[in-house]
Amino acid sequence: MENTKTALLVMDMQSSIVSSLTDPEQVVSNVKKVIKAAKHYQIPVIYVIIGFRQGMPEISAHNKAFSGLKQHMANVI
């Protein structure tokens with residue numbers, strides 16, 4: 001079977017997010033299994049990593065998810 005439009009996205013695996021889950025060990029174990037299966041079937045695995053430059057200019061003031069983080073962390077990164 002040809003999977004020309006299929007990929008596995010692995011994201012939000014930061015320790016601060018994973019550790020807030022009810023069973024983080026099980027989630028990590030399941031993600032590892034899915035990655036292994038995707039590689040076995042030659043499905044591309046894409047790892048999404050969030051990163052920002054100094055001052056976080058990538059974050060809009062209208063971004064509800066990250067605007068608070070920008071105010072809190074702007075001078076750290």
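What you see below is based on every heavy atom in this structure, not just the backbone, and it leaves out hydrogens, waters and symmetry mates.
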Check: If we only count heavy atoms from C-beta on, is the Lys32 to Val34 side-chain gap below 4.5 Å?
Finding: no

Check: Of the non-hydrogen atoms in Ser67 and Ser60, which two are nearest, and what is the gap between them?
Finding: CB-O, 3.9 Å

Margin query: How close do Val45 and Ala38 get, counting heavy atoms only, and between which atoms?
Written below: CG2-CB, 3.9 Å

Notebook entry, point to check: Leu8, Val27: one ILVMFWY side-chain cluster at the under-4.5 Å cut-off?
Noted result: yes

Note to self: Please report the interatomic distance CD1(Ile50) to CZ(Phe66), rounded to the nearest 0.5 Å.
What the structure shows: 4.0 Å

Next item on the list: Begin with the C-alpha distance, continue with both residues' side-chain angles, and end with the deciding distance and a verdict on side chain to side chain contact (heavy atoms under 4.5 Å, CB included) for Val10 and Val48.
Entry: CA-CA 6 Å; Val10 179; Val48 179; over 6 Å; no

Margin query: Could you measure the distance from the CD1 atom of Ile35 to the CD1 atom of Ile43? Nearest 0.5 Å is fine.
Written below: 12.5 Å

Check: Is a donor on one side and an acceptor on the other found under 3.5 Å between the side chain of Ser19 and the backbone of Ser15?
Finding: yes

Notebook entry, point to check: Shared ILVMFWY cluster between Met13 and Tyr47, side chains joined below 4.5 angstrom?
Noted result: yes

Note to self: How long is the straight-line distance from CD1 of Ile17 back to CG of Asp12, given to the nearest 0.5 Å?
What the structure shows: 4.0 Å

Margin query: Distance check, rounded to the nearest 0.5 Å: Ser20 atom OG versus Gln14 atom CD?
Written below: 10.5 Å

Next item on the list: Mark yes when over 12 heavy atoms from residues, nucleotides or ligands other than Met11 sit less than 6.0 Å from its CE; otherwise mark no.
Entry: no

